[in-house]
Amino acid sequence: MLKVPEHQVAGHLAIDGKLGPLVDDSGRFYKPLQGDGRGNKELAFYESFSSDTRVPDHIRKYFPVCYGSQLLEASNGSGLLHHLVLQDIVSSHRNPSIMDVKIGSRTWYPEASDNYIQKCLEKDRRTTTVSLGFRIAGLQLYEGKESGYWRPGRKEVQSFTVYNVRSILRRFVSSNSSIGNENSDCSFAPSIYGGSAGILEQLLELKAWFEDQTIYHFHSCSLLILFDKESVSKGSASVPEIKLIDFAHVVEGKGVIDHNFLGGLCSLIKFVSEVLSDSKESSIKDCVESEKPGICTDNGNCQ
Ligand SMILES: Nc1ncnc2c1ncn2[C@@H]1O[C@H](COP(=O)(O)OP(=O)(O)OP(=O)(O)O)[C@@H](O)[C@H]1O
Ligand SMILES: O=P(O)(O)O[C@@H]1[C@@H](O)[C@H](OP(=O)(O)O)[C@@H](OP(=O)(O)O)[C@@H](O)[C@H]1OP(=O)(O)O
C-alpha cells in the first residue's frame with residue numbers, strides 16, 4: 001500500500017492531487033521521474049554511481065540505496081508513471097527531526113537553459129544560497145508529545161535569513177526548541193553534532209572526498225540531516241544521519257573538483273562547528289559555576 005511520506009520536509013509533495021513521492025511499509029521511497037529529462041538524469045546518476053568503482057565504499061553510505069525504477073500509479077491520478085525506487089532514509093526513525101539543506105552557492109549550472117539559470121539565480125539571491133553557500137530547503141523539528149513537530153511552510157523557509165539559519169542550527173539540537181531561538185540550550189549538540197559518529201565527523205568525511213573527487217558536480221543537491229530527539233533525550237543511542245539526495249541536476253565533473261558543492265559544505269561545517277563549540281563552552285561555564293564544580297567531559301557532561 002503506497003502512501004504520502006509522513007516526514008517529507010521539502011520538494012514536490014503528493015498532496016492536493018499533485019505529483020510527488022510515495023512510500024510503502026517496507027522502507028521504500030518512490031520518487032516520480034520528473035519531467036523534461038530531470039527524472040531520467042537522476043536515474044542515470046544512480047545507475048552510474050552504483051557501478052562506479054572510483055567511489056570509495058565509506059562514501060556510499062552517504063547516498064540512498066537505489067533499487068532501480070518501477071512503473072506505478074502516479075499520485076496525481078495521471079496514470080502509470082516511472083518512479084525511482086529508493087531506500088526510505090526516514091523509515092528507521094520514530095519521531096525524526098529533519099533538515100533538508102541545499103548545498104552550493106549556486107543551484108544553476110553552466111549547461112542549463114537561460115530561463116532555468118534566471119529562475120535559480122533569483123531564488124539563490126533571495127535565500128541564503130548566495131550569502132552562505134547553502135540554504136535550508138525544508139525542516140521539521142520534533143518538540144515532544146504535546147507540541148509535536150515545528151514544520152515551517154515553504155514561504156517561511158524561503159524567507160530564512162543568515163540569523164534564522166544560525167538559530168535553527170542551534171534549535172535543531174536543543175531540548176527546549178519550542179521556546180524562542182535566543183534561548184536554545186543546544187543540549188543535544190555534543191551527541192548529535194559532536195562525537196566520533198556525529199554530524200560534524202560525517203560532514204568532514206564527506207568533505208575529504210569532495211576535496212578530491214572530480215567525477216560528478218552535484219548541482220542543487222540536498223543534504224538530509226536527521227536524528228531521533230526522543231531516543232537521545234532518553235539516553236539511548238540515536239545515530240544521527242546525513243544523506244545526499246536529489247540528483248536531477250548532477251553533471252559530469254570532467255576532471256575538476258565540485259568547488260560549488262565543496263564551498264557550501266565547508267560553510268555548513270563552519271556553522272555546525274560553532275554551535276558545537278558554543279555548547280561546550282556553556283557546559284564548561286555551567287560546570288565551573290555549579291554548586292559542586294566538577295570536570296566537564298567531552299560530551300558536555302559535568303562529573
Ligand atoms: N530516499 C529518501 N528517503 C526518505 N525521504 C526522502 C528521500 N529522498 C527525498 N526524501 C524527502 O523528500 C524531500 C524532497 O526530496 P527531493 O529533493 O529528492 O525531491 P524533489 O521534488 O526533487 O525536490 P526539489 O523540488 O528540491 O528538486 C526531501 O526533503 C525529503 O524530505
Ligand atoms: O530544481 P528543479 O528540479 O527544477 O525543481 C524546482 C525545485 O523543486 C524548486 O524547489 P527548491 O529546489 O528551490 O527547493 C521549486 O521551487 P519552489 O520550492 O519555489 O516550488 C521549483 O518549482 C521546481 O521547479 P519545477 O516547478 O519546474 O519542478
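Position 1 is the first residue of the sequence; numbering continues from there. These numbers come from a predicted model, not from an experiment. Each ligand, and each atom within it, is numbered from 1 in the order the structure gives.
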> Given the rule in the salt bridge (charged side-chain N to carboxylate O under 4.0 Å, His left out) test, do Glu211 and Lys207 qualify, once you have shown the distances and angles that lead to the verdict?
Replying inline: CA-CA 6 Å; Glu211 285 168 338; Lys207 170 173 160 289; 2.9 Å; yes
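- If you check the side chains of Ser220 and Lys102, you find a donor sitting under 3.5 Å from an acceptor.
- Interface atoms of ligand 1 facing Asp88, defined by a heavy-atom separation under 4.0 Å, are 3 (N), 4 (C).
- Put simply, the side chain of Gln158 never gets that close to the backbone of Thr127: no donor and acceptor are under 3.5 Å apart.
- Of the possible polar contacts, one joining the Ser51 side chain to the Glu47 backbone as a donor-acceptor pair under 3.5 Å is found.
- Among all protein heavy atoms, the one lying closest to atom 14 (C) of ligand 1 is Ala10 O, 3.1 Å.
- Those atoms of ligand 2 that come under 4.0 Å of a heavy atom in Gln34, given as number and element, are 3 (O).
- Protein heavy atom at the shortest distance from atom 22 (O) of ligand 1 is Lys31 NZ, 3.0 Å.
- Between Pro21 and ligand 1, no pair of N/O atoms sits closer than 3.5 Å.
- Residue contacts with ligand 1: Gln34 is included, with a non-hydrogen atom under 4.0 Å away.
- Listed by number with element, the atoms of ligand 2 under 4.0 Å from a non-hydrogen atom of Tyr116 are 1 (O), 2 (P), 4 (O).
- The one candidate from Tyr46, Tyr216, Phe247 that meets the ring pair (Phe, Tyr, Trp, His ring centres under 6.0 Å) condition with Phe63 is Phe247.
- Close contacts between ligand 1 and Asp100 involve ligand atoms 28 (C), 29 (O) [criterion: under 4.0 Å to a heavy atom].
- Atom 27 (O) of ligand 1 has as its closest protein heavy atom Asp246 OD2, 2.7 Å.
- Heavy-atom proximity to His12, at under 4.0 Å, picks out these atoms of ligand 1: 20 (P), 21 (O), 25 (O).
- Looking only at protein heavy atoms, the nearest one to atom 23 (O) of ligand 1 is Gly11 CA, 3.3 Å.
- Gln202 places a side-chain N or O within donor-acceptor distance of the main-chain N or O of Pro240, the cut-off being under 3.5 Å.
- With Ser97 contributing its side chain and Phe172 its backbone, the two residues share no donor-acceptor pair below 3.5 Å.
- The nearest protein heavy atom to atom 22 (O) of ligand 2 is not closer than 4.0 Å.
- A donor-acceptor pair under 3.5 Å is formed between the side chain of Asp24 and the backbone N or O of Gly27.
- Looking only at heavy atoms of the protein, atom 31 (O) of ligand 1 is closest to Val9 N, 3.0 Å.
- Residue contacts with ligand 1: Glu42 is excluded, as none of its non-hydrogen atoms falls under 4.0 Å.
- Ranking the protein heavy atoms by distance from atom 6 (C) of ligand 1 puts Phe29 CE1, 3.3 Å first.
- Remark: ligand 1 atoms within the under-4.0 Å shell around heavy atoms of Gln8 are 11 (C), 12 (O), 13 (C), 31 (O).
- Judged purely by atom type and a 3.5 angstrom limit, Arg28 has no side-chain atom pairing as donor or acceptor with the backbone of Leu22.
- In terms of protein heavy-atom proximity, atom 1 (N) of ligand 1 is closest to Gln87 O, 2.9 Å.
- Among all protein heavy atoms, the one lying closest to atom 13 (O) of ligand 2 is Lys123 NZ, 2.7 Å.
- Protein heavy atom at the shortest distance from atom 24 (O) of ligand 2 is Lys119 NZ, 2.9 Å.
- Here the side chain of Asp52 pairs no donor or acceptor atom with the backbone of Phe49 at under 3.5 angstrom.
- Judged purely by atom type and a 3.5 angstrom limit, Asp100 has no side-chain atom pairing as donor or acceptor with the backbone of Val9.
- Atoms of ligand 1 found under 4.0 Å from any heavy atom of Lys102 (numbered from 1 in listed order, with element): 26 (O).
- Ring orientation note: the planes of Phe188 and Phe227 are nearly perpendicular, at an angle over 60° on the 30°/60° scale.
- With hydrogens left out, the protein atom closest to atom 3 (N) of ligand 1 is Ile89 N, 2.9 Å, a heavy atom.
- In this model, a donor atom of one side chain and an acceptor atom of the other lie less than 3.5 Å apart for Arg135 and Thr129.
- For Arg125, the CZ atom sits in a loose shell: 12 or fewer heavy atoms of surrounding residues, nucleotides or ligands are nearer than 6.0 Å.
- Scanning the protein for heavy atoms near atom 4 (O) of ligand 2, the closest one is Arg38 NH1, 2.9 Å.
- Summarising the geometry, atom CG belonging to Asn115 is positioned 14.5 Å from atom CH2 belonging to Trp108; distances are rounded to the nearest 0.5 Å.
- The shell of residues lying under 4.0 angstrom from ligand 2, judged by heavy atoms, includes Arg135.
- At a 4.0 Å heavy-atom cut-off, ligand 2 does not touch Arg126 at all.
- Taking a cut-off of under 4.0 Å to the non-hydrogen atoms of Ile245, the atoms of ligand 1 that pass are 8 (N), 9 (C), 15 (O), 28 (C).
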